[in-house]
Amino acid sequence: MAIKVKAVRGMQDLLPEKKAAFRFVEDQVRNIVGQYGYREVGLPVIESTQLFSRLVGESTDIVEKEMYSFADRNGESLTLRPEGTAGLVRLANENGLIFNQVQRFWYAGPMFRYERPQKGRYRQFEQIGVECLGMEGPDIDAEILLMSARIWEALGIEKDVTLELNSLGDVSSRQRYKDALVNYLNDYKSDLDEDSLRRLSSNPMRILDSKVPATQQLLSGAPELLDFLDEDSQRHFQGLCEILEQAGLQYCVNPRIVRGLDYYNRTVFEWVTDTLGSQGTVCGGGRYDGLVEQLGGKSSASVGFAMGLDRLVLMVEGSRAKTDSVELYVVSIGDQERIKALVLAERIRKELGITTLVHSGSSKLKAQMKKADASGAKAALIIGEQELTSGEITVRLLRSEGSQERIKEVQLVAYLRKVFDRE
């Protein structure tokens with residue numbers, strides 16, 4: 001007996017219209033980051049579980065609750081990548097691309113996290129990451145923020161996103177802040193939600209990111225991380241803000257931004273929107289200067305960000321992301337005429353690059369023309385017995401009422417070149 005198999009919960013099918021929207025977003029990103037000298041790399045979808053547990057952090061939600069991990073046939077623990085930065089750093093370190101070098105990379109592809117599916121959040125989700133290795137000043141932080149702002153302009157959503165900044169300082173300043181935060185929250189243990197109470201001993205700074213209203217209210221009186229920054233981190237953050245102000249990029253300082261990964265230090269940021277409900281972050285990132293060393297490499301200051309394509313696609317107007325549409329539809333009546341249609345279509349695609357659809361089957365002319373019109377094509381070629389005998393092709397311009405004429409086959413390519421502006 002046949003069974004009906006559906007997509008796994010949290011995984012989405014991308015139908016042609018949706019896939020076109022994803023490709024539109026990725027094409028805009030590829031164009032912009034290329035202008036800044038970033039080169040595309042490809043990362044494995046599966047990595048060693050140790051890579052993420054060590055670099056992302058044992059006490060993060062990703063490692064504790066969200067990773068898809070499994071043992072392969074040799075007993076090695078592998079994980080479907082939940083994010084891209086750890087894999088990118090592994091790639092650069094393993095291939096000798098870090099020491100005494102500046103590298104600008106970007107990548108795109110699916111990531112996997114076991115989360116509750118909802119609008120804009122899937123268990124398999126598409127992400128683009130942009131990373132710069134080997135630069136330590138605030139100027140590169142500013143560059144990637146200006147670059148991301150260019151991407152929003154290219155997508156037409158610049159008015160719908162806001163930049164929020166914070167600094168996490170260095171290890172010592174974070175530890176001082178954690179101690180102060182825990183001391184403050186210890187007085188409110190009975191009022192904390194379950195997740196925040198668990199994090200109080202394992203990862204207290206993640207409590208700042210709680211979405212529970214009562215917890216957020218408690219945090220309104222908590223100490224702020226910016227008051228605990230070391231001098232170098234203060235100068236770095238002030239330098240970044242000064243560059244952004246001179247460049248005219250608006251931002252606001254949000255002392256509650258900590259990001260969900262342990263490897264961040266100093267600058268962290270999020271681009272947020274109020275157009276997607278609870279899924280308000282469309283892009284986030286920051287500095288991760290100590291990450292390379294954790295993999296045994298030479299120290300390398302690094303900064304990057306990741307953007308979620310699923311959420312960006314929801315924000316981009318449908319008219320901005322066109323499905324690849326049919327430009328020319330070829331209709332034929334008769335067996336020999338159908339062969340002629342196939343051969344002619346091949347010539348047109350090769351010489352003009354026009355998206356050409358040849359009708360399949362032996363439908364009547366009226367039925368074929370209905371399909372030609374429904375395809376959205378600008379013109380239809382009609383090949384019948386008369387056309388085959390005379391060496392001519394009937395061309396009907398479908399978007400111009402009553403516009404139809406016969407063209408000598410030897411002149412057809414030149415005629416279509418004008419019709420489709422392929423000069």
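When reading the values below, keep in mind they use all heavy atoms of this one structure, side chains included, and skip hydrogens, waters and symmetry mates. This one's a predicted model, so the numbers in the text were calculated from it and none came from an experiment.
- In the displayed structure, Q217 atom CD is contacted under 6.0 Å by at most 12 heavy atoms of other residues, nucleotides or ligands.
- Considering all non-hydrogen atoms of both residues, S233 and D170 come closest at OG-N, 3.6 Å.
- Closest approach of L155 and V25 over heavy atoms only: CD2-CA, 3.9 Å.
- Residue pairs meeting the side chain to side chain donor-acceptor pair (under 3.5 Å) criterion with at least one partner in residues 156-166, sequence neighbours excluded, are E164-N254.
- A distance of 14.0 Å separates CD in E242 from CZ in R235, rounded to the nearest 0.5 Å.
- Here the side chains of L344 and V358 are not in contact, with every heavy-atom distance at 4.5 Å or above.
- Between the side chains of E245 and Y251, at least one donor N or O lies within less than 3.5 Å of an accepting N or O.
- When side chains are defined from C-beta on, L342 does not count as touching V330, because their heavy atoms never get closer than 4.5 Å.
- H236 contributes atom NE2, which lies 9.0 Å from atom CD of E136 (distance to the nearest 0.5 angstrom).
- One finds the CZ atom of R113 at 4.5 Å from the CZ atom of F125 (value rounded to the nearest 0.5 Å).
- Geometrically, K371 does not engage Y329 in a cation-pi contact defined by less than 6.0 Å to the ring centre and at most 45° from the axis.
- In this view, Y36 satisfies the ring-ring contact (aromatic ring centres under 6.0 Å, His included) rule with no residue, not counting sequence neighbours.
- Between atom CD of residue Q216 and atom OG of residue S196 there is a gap of 8.5 Å, rounded to the nearest 0.5 Å.
- Under the 4.5 Å side-chain criterion, counting only non-hydrogen atoms from C-beta, Y107 is in contact with T85.
- The distance from the NZ atom of K370 to the NZ atom of K364 is 11.5 Å, given to the nearest 0.5 Å.
- Taking the salt bridge (Lys or Arg N to Asp or Glu O under 4.0 Å) definition, one finds that R349 meets it with E346, sequence neighbours left out.
- Note: Q127 CD to R311 CZ = 9.5 Å, rounded to the nearest 0.5 Å.
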